[in-house]
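Both backbone and side-chain heavy atoms feed into the values below; hydrogens, waters and symmetry mates do not. Please read all numbers here as calculations on a predicted model, not as lab measurements. In each ligand, atom 1 is the first atom listed, and ligand 1 is the first ligand listed.
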Amino acid sequence: MDAVHEKLKVIAPATGEQIGEIEETPVSQVGSIYHKGRTAFQVWSKLQIGERLKYLKKLKEIMVEEMEVVADIIAADTGKVVTEALIADIMPTLDSIDHICKHAENILNRKKVTTPILLIGKRSYIEYMPRGIVLVISPWNYPLQLAMVPMISALASGNTVILKPSEVTPLVGKCIEDLFRKAGFPEGVVQIAHGGKEVGAAFTKGRPDYIFFTGSVRTGKIIQEAAAKELIPTTLELGGKDPMIVFKDAHLERAAKGAAWAAFTNSGQVCMSAERLYVEKEVYSKFISLLKKEISELRQGTDRNADVGSMTFPAQVQIVKDQLEDALGKGAVLETGVPPEEWQNGMFLPLTVVTNVNHRMKIIQEESFGPILPIIPFETEEEAIRLSNDTVYGLNASVWSKDIQKARRVASKLISGAVVINDAIISVANHGLPFGGTKQSGIGRYHGDAGLKIFCHEKSIVEDRGRKKTEIHWYPYEDKYPMFLTLFKSYFKAKRNWLQFAKSYLSILKKS
Ligand code: NAD
């Protein structure tokens with residue numbers, strides 16, 4: 001690195017203390033970092049997949065050994081409680097390594113495809129060819145998982161990776177760099193570019209072969225625009241405003257406990273947190289009492305037993321405050337919490353439930369990313385579906401009912417990348433399921449088979465042994481037109497006429 005460069009001060013959001021300093025990657029190094037990544041690609045992409053997976057297994061071993069250290073770094077850097085660092089950031093990353101190590105070879109192996117009889121004598125198959133350098137740009141809310149899972153997927157598929165982690169949680173970015181270094185990945189295969197949006201923008205313009213972005217809709221659009229100029233393919237994993245629908249026949253105690261967790265885990269800074277709660281009218285009051293009781297028992301703090309941590313990003317506090325003020329100004333009622341002017345506890349916001357809200361309020365239409373939960377009663381299944389689908393987002397949703405047929409019916413009608421029945425959020429924890437959003441929640445999917453295939457060119461190969469002199473569809477065409485008519489009619493009509501097909505095929509062959 002050059003001698004004098006911007007240093008990022010790292011402040012622990014929960015305590016306000018400085019806990020470190022990170023040197024920014026100078027944008028003057030963009031070219032040399034890409035060059036290094038391209039050179040490394042020449043070797044890395046040619047390794048047998050099993051060889052590449054050995055590095056991932058080593059990475060997993062180191063993460064398991066250092067699990068507590070990593071959990072503490074995540075908790076200090078984000079303000080989330082350490083239990084959540086473990087169960088929602090570290091565990092899914094380790095599980096994705098396991099899943100990839102188990103399935104990657106099969107997913108990325110050459111696949112034979114049936115060849116239609118019209119192409120007699122040929123074979124067809126698909127090959128998966130790594131793209132080159134993948135630029136991963138990641139956010140601060142799950143700073144380990146949302147950086148490492150796309151990195152691991154791209155690496156297993158044979159690409160080299162440049163990660164631009166969030167500047168809001170730079171210690172986790174540094175921790176990821178250390179983990180890959182300790183796992184002994186070859187020089188240039190994984191490179192980390194530390195810094196903020198200027199660094200992200202500079203690397204976006206450095207012509208990666210693929211951009212995998214997780215973050216806000218606003219930045220997603222900027223990145224998509226920059227990528228479009230160079231026709232760089234992207235995956236965009238963006239925001240959410242996830243609905244939770246509670247029917248009167250749900251297990252109400254379970255649904256209330258589930259709502260408290262789904263709305264307030266990670267202080268609500270989850271792209272898939274429950275951000276709007278729709279409760280069937282007959283049980284609305286009862287449900288609110290149960291929910292209030294649950295919330296009254298939650299403990300905010302930084303100690304090992306705390307349930308809810310602090311906010312991570314100071315600017316996010318203002319967004320939550322604005323939404324709540326907008327709602328209260330339009331008649332919303334606080335069921336828990338206090339008005340924003342009475343907030344006193346810095347980055348620990350009151351766990352806030354709001355009623356008397358409607359779909360014209362920001363609190364219902366815009367992503368909150370904070371510990372506030374608006375609740376609306378509904379009367380019919382159709383109404384619940386209509387309200388749930390009425391935002392620009394569509395990332396995840398949950399449906400709560402003991403009538404599983406009804407829950408499935410509703411799930412099928414939600415315009416959403418995922419739906420969880422009688423639980424929330426956890427579809428992301430099954431790495432075999434595709435993950436991604438509809439509408440403004442994103443473009444593309446990862447996890448599952450798609451999570452490896454997106455990082456490859458899917459190449460179609462048709463193979464002929466090359467022993468025949470010619471082909472029937474080659475020149476000359478002379479006199480072939482009526483013969484092809486007979487051939488195709490015999491082949492495509494409802495009842496295939498094989499005798500006529502064979503005869504006309506042979507007569508065209510003779511002419512060829
Ligand atoms: P953000 O868009 O502000 O930043 C994300 C990343 O993009 C950061 O690393 C940032 O430095 C970088 N960046 C910002 N401007 C850039 C630019 N012009 N060019 C290149 N890079 C740039 O998002 P955030 O505040 O870090 O994260 C919160 C958002 O992420 C929320 O909207 C949340 O819903 C979303 N999110 C989505 C998912 C998902 O999987 N769908 C998961 C987590 C978070």
Does Lys330 come within less than 4.0 Å of Asp326, counting only side-chain N to carboxylate O? yes
Using 4.0 Å as the upper bound for N to carboxylate O, is an ion pair formed by Arg207 and Glu230? yes
Given the side-chain rings of Trp400 and Tyr278, with only the six-membered ring counted for Trp, is the space between their centroids under 6.0 Å? no
Could you give the N/O to N/O pairs under 3.5 Å linking ligand 1 and the protein, each with its distance?
residue: ligand 1; atom: 2 (O); partner: Ser216; partner atom: N; Å: 2.9
residue: ligand 1; atom: 2 (O); partner: Ser216; partner atom: OG; Å: 2.6
residue: ligand 1; atom: 2 (O); partner: Thr219; partner atom: OG1; Å: 2.7
residue: ligand 1; atom: 9 (O); partner: Ser138; partner atom: O; Å: 2.8
residue: ligand 1; atom: 9 (O); partner: Lys164; partner atom: NZ; Å: 3.0
residue: ligand 1; atom: 11 (O); partner: Lys164; partner atom: NZ; Å: 2.7
residue: ligand 1; atom: 11 (O); partner: Glu167; partner atom: OE1; Å: 2.6
residue: ligand 1; atom: 19 (N); partner: Ala201; partner atom: N; Å: 3.4
residue: ligand 1; atom: 23 (O); partner: Ser216; partner atom: N; Å: 3.3
residue: ligand 1; atom: 25 (O); partner: Trp140; partner atom: NE1; Å: 2.9
residue: ligand 1; atom: 26 (O); partner: Trp140; partner atom: NE1; Å: 3.2
residue: ligand 1; atom: 30 (O); partner: Gly215; partner atom: O; Å: 3.2
residue: ligand 1; atom: 32 (O); partner: Glu367; partner atom: OE1; Å: 2.6
residue: ligand 1; atom: 34 (O); partner: Glu367; partner atom: OE1; Å: 3.4
residue: ligand 1; atom: 34 (O); partner: Glu367; partner atom: OE2; Å: 2.5
residue: ligand 1; atom: 41 (N); partner: Leu238; partner atom: N; Å: 3.2
residue: ligand 1; atom: 41 (N); partner: Leu238; partner atom: O; Å: 2.7

Is any NZ, NE, NH1 or NH2 atom of the basic residue among Lys102 and Glu105 found under 4.0 Å from an Asp or Glu carboxylate oxygen of the other? no
Please determine whether a side-chain nitrogen of the Lys or Arg among Asp178 and Lys182 lies less than 4.0 Å from a carboxylate oxygen of the Asp or Glu. no
Can you tell me if Thr438 and Ser441 form a side-chain donor-acceptor pair at under 3.5 Å? no
